[in-house]
Amino acid sequence: MPELPEVETIVRQLAGHLPGRRVQDIEVCRADLLRESAEDFSRGLQNRDIVAITRRGKNILLSLSDQSLLLVNLGMTGRLLFRADGSTDPPPTHLGIRFQLCPGGSLLYTDIRRFGHLLRYSKAAWGKENRRLGPEPLGRWLTHHRFHTSLQTSRAPIRSWLLDQKRVAGIGNIYAAEALFRAGVHPFRKARGLNREESKALLKGIRKVLREAIWAQGTTLRDYRTASGGRGGFGPSLQVYGRAGEECPTCKAAIERIVFANRSAFFCPHCQPEVL
DNA sequence: AGTGTATCCTGCAGGC
DNA sequence: TGCCTGCAGGATACAC
């Protein structure tokens, strides 16, 4: 569910609450969210101070006072909510893990489908894992030239390439569809088949749609919520995702939906021709 | 090596 | 009303 803009929104909100707070107590309601025992997980976090919160791709990273790190991946339906003490909000459904913080407040991880996970890393172990992720699409390192060069190494359909977190980190099915539409590139096209002009348009499209979605605090189709429980406002700005049968905003042709790699792809057959 | 597919899990919408 | 099917923003183990 949550792609880069959604995760960025959550991180920005939590940055106003978490740093400076201590993890006082941990309640694990759903142990299958972890890859270690609930006891080890709790022991590794208890009494650590949260120093910082950042994002890498679609992952949320909490830096702790002992140099270790807690990674939160929200999967499809994960939420990370901050609740002040005495909050009148109703208790969340599908609570997975509750972190009681000091001085005051709690951090709640909820997840209907439980595709998400929480992982502790040492500084060194995270460094190694981090290198396996592709560059940040909004980062300065990823130039048009590097993007184009990277595309040339793959025969995969460009939609699959964009979803592969080892290529570029943070893009999911919604923003892949939107970026391809903005660039006029059919999702089926081979990555290495894009010429310089097309790859430049694609990177520009990716950056534009991600920035606009961050500005709108992400896209709530159903389950995504910000850290304060709010909804993202980018939904009405989606031009093709979820709009099969509707008119293309550019040319009025009917938007099509095809399924490959087990996922829907939405595109305009006129603005995004499969063959040039 | 580099791809596509099936699978984990729950909830909801739509058809009958 | 209720049962059934298909579909969902992600990541990964496997087969080819």
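Note on naming: letters A, B, ... go to the chains in the order of the sequence lines (proteins, then strands), and numbering restarts at 1 for each one. Side chains are part of it too, since the values below use all heavy atoms of this structure and drop only hydrogens, waters and symmetry mates.
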Note: Lys58(A)-Glu3(A) ion pair, threshold 4.0 Å (strictly below) | no
Separation of atom CD1 in Ile158(A) from atom C1' in dT3(B), rounded to whole Å | 14 Å
Compare the minimum distances between each of dG11(B), dC9(B), dA11(C) and the side chain of Lys58(A), then state the nucleotide with the smallest one.
-> dA11(C)
Are there more than 12 heavy atoms of other residues, nucleotides or ligands under 6.0 Å from atom CZ of Arg231(A)?
-> no
Atom C1', compared across dA6(B) and dG6(C): separation rounded to whole Å = 16 Å
Which of the following nucleotides, dT3(B), dG10(C), dG9(C), is nearest to the side chain of Asn73(A)?
-> dG10(C)
Which one is paired to dG9(C), where only Watson-Crick or G-U wobble pairs with both distances under 3.5 angstrom count?
-> none
Under 4.0 Å between a side-chain N or O of Tyr175(A) and OP1 or OP2 of dG9(C)?
-> no
Just how far, in rounded Å, is C1' of dG10(C) from CZ of Arg79(A)?
-> 16 Å
For dC3(C) versus dC9(B), give the span between their P atoms, rounded off to a whole number of Å.
-> 22 Å
Is any side-chain nitrogen or oxygen of Ser154(A) closer than 4.0 Å to OP1 or OP2 of dT3(B)?
-> yes
Please determine, for the side chain of Gln165(A), which listed nucleotide (dG10(C), dG11(B), dA11(C)) has the closest atom?
-> dA11(C)
May I have the distance from Arg56(A) (atom CZ) to dA11(C) (atom C1'), rounded to whole angstrom?
-> 16 Å
Among the nucleotides dT5(B), dA11(C), dG9(C), which one has an atom lying closest to any side-chain atom of Asn173(A)?
-> dG9(C)
Is the shortest side-chain N/O distance from Thr77(A) to OP1 or OP2 of dC9(B) below 4.0 Å?
-> no
Check every strand shown and say whether Arg159(A) touches a base, only sugar-phosphate, or nothing at a heavy-atom separation below 4.0 Å.
-> nothing
If we take the P atom in both dA1(B) and dA11(C), what is their distance in whole Å?
-> 24 Å
Among the nucleotides dA8(C), dG9(C), dG4(B), which one has an atom lying closest to any side-chain atom of Pro157(A)?
-> dG4(B)
pi-stack flag for Phe115(A) and dC9(B), centroid dist under 5.5 Å, interplanar under 30° = no
What's the CD1-P distance between Ile112(A) and dG9(C), to the nearest Å?
-> 14 Å
Looking at every strand, decide which applies to Thr220(A) at a 4.0 Å heavy-atom threshold: base, sugar-phosphate, or nothing.
-> base
Which part of the nucleic acid, if any, lies within contact of Arg263(A), taking any heavy atom under 4.0 Å across all strands shown: a base, the sugar-phosphate backbone alone, or nothing?
-> base
dT5(C) to dT7(B) separation - P atoms, rounded to the nearest Å | 16 Å
Ile171(A) has an atom CD1; how far is it from atom P of dA11(C), in whole Å?
-> 12 Å
Minimum-distance nucleotide (side-chain atoms of Arg113(A) versus dT10(B), dG2(B), dG9(C)) | dT10(B)
Say whether Tyr224(A) and Gln217(A), considering side chains only, have a donor N or O and an acceptor N or O under 3.5 Å apart.
-> no
Roughly how many Å is it from CZ in Arg114(A) to C1' in dT7(B), rounded to a whole number?
-> 15 Å
Looking only at side-chain atoms of Tyr241(A), point me to the closest of dG4(B), dC12(B), dA8(C).
-> dA8(C)
The answer to which of Asn262(A) and Arg167(A) contacts DNA chain B further toward the 5' end, by nearest nucleotide, is Arg167(A)
N or O in side chain of Thr219(A) less than 4.0 angstrom from dG9(C) OP1/OP2 | no
Using whole Å, report how far NE2 of His94(A) lies from C1' of dG11(B).
-> 8 Å
Side chains of Ser228(A) and Gln13(A): donor-acceptor distance under 3.5 Å anywhere?
-> yes
Does one side chain, of Tyr175(A) or Thr219(A), offer a donor that lies under 3.5 Å from an acceptor on the other?
-> yes
Show the atom names and distances, to 0.1 Å, of all donor-acceptor pairs under 3.5 Å that link a side chain in residues 83-91 of chain A to residues at least two apart or in another chain.
| residue | atom | partner | partner atom | Å |
| --- | --- | --- | --- | --- |
| Arg83(A) | NH1 | Pro90(A) | O | 3.2 |
| Arg83(A) | NH2 | Pro90(A) | O | 3.4 |
| Asp85(A) | OD1 | Gly105(A) | N | 3.0 |
| Asp85(A) | OD2 | Gly105(A) | N | 3.3 |
| Ser87(A) | OG | Asp89(A) | N | 3.1 |

NA contact type, Asp111(A), heavy-atom cut-off 4.0 Å: base, sugar-phosphate, or nothing?
-> nothing
Describe the nucleic acid contact of His117(A) in one word from base, sugar-phosphate, nothing, applying a heavy-atom distance below 4.0 Å.
-> nothing
What about Phe188(A) and Phe260(A), are their ring centers closer than 6.0 Å?
-> yes
Take atom CG of Asp164(A) and atom C1' of dG10(C), then tell me their distance rounded to the nearest Å.
-> 12 Å
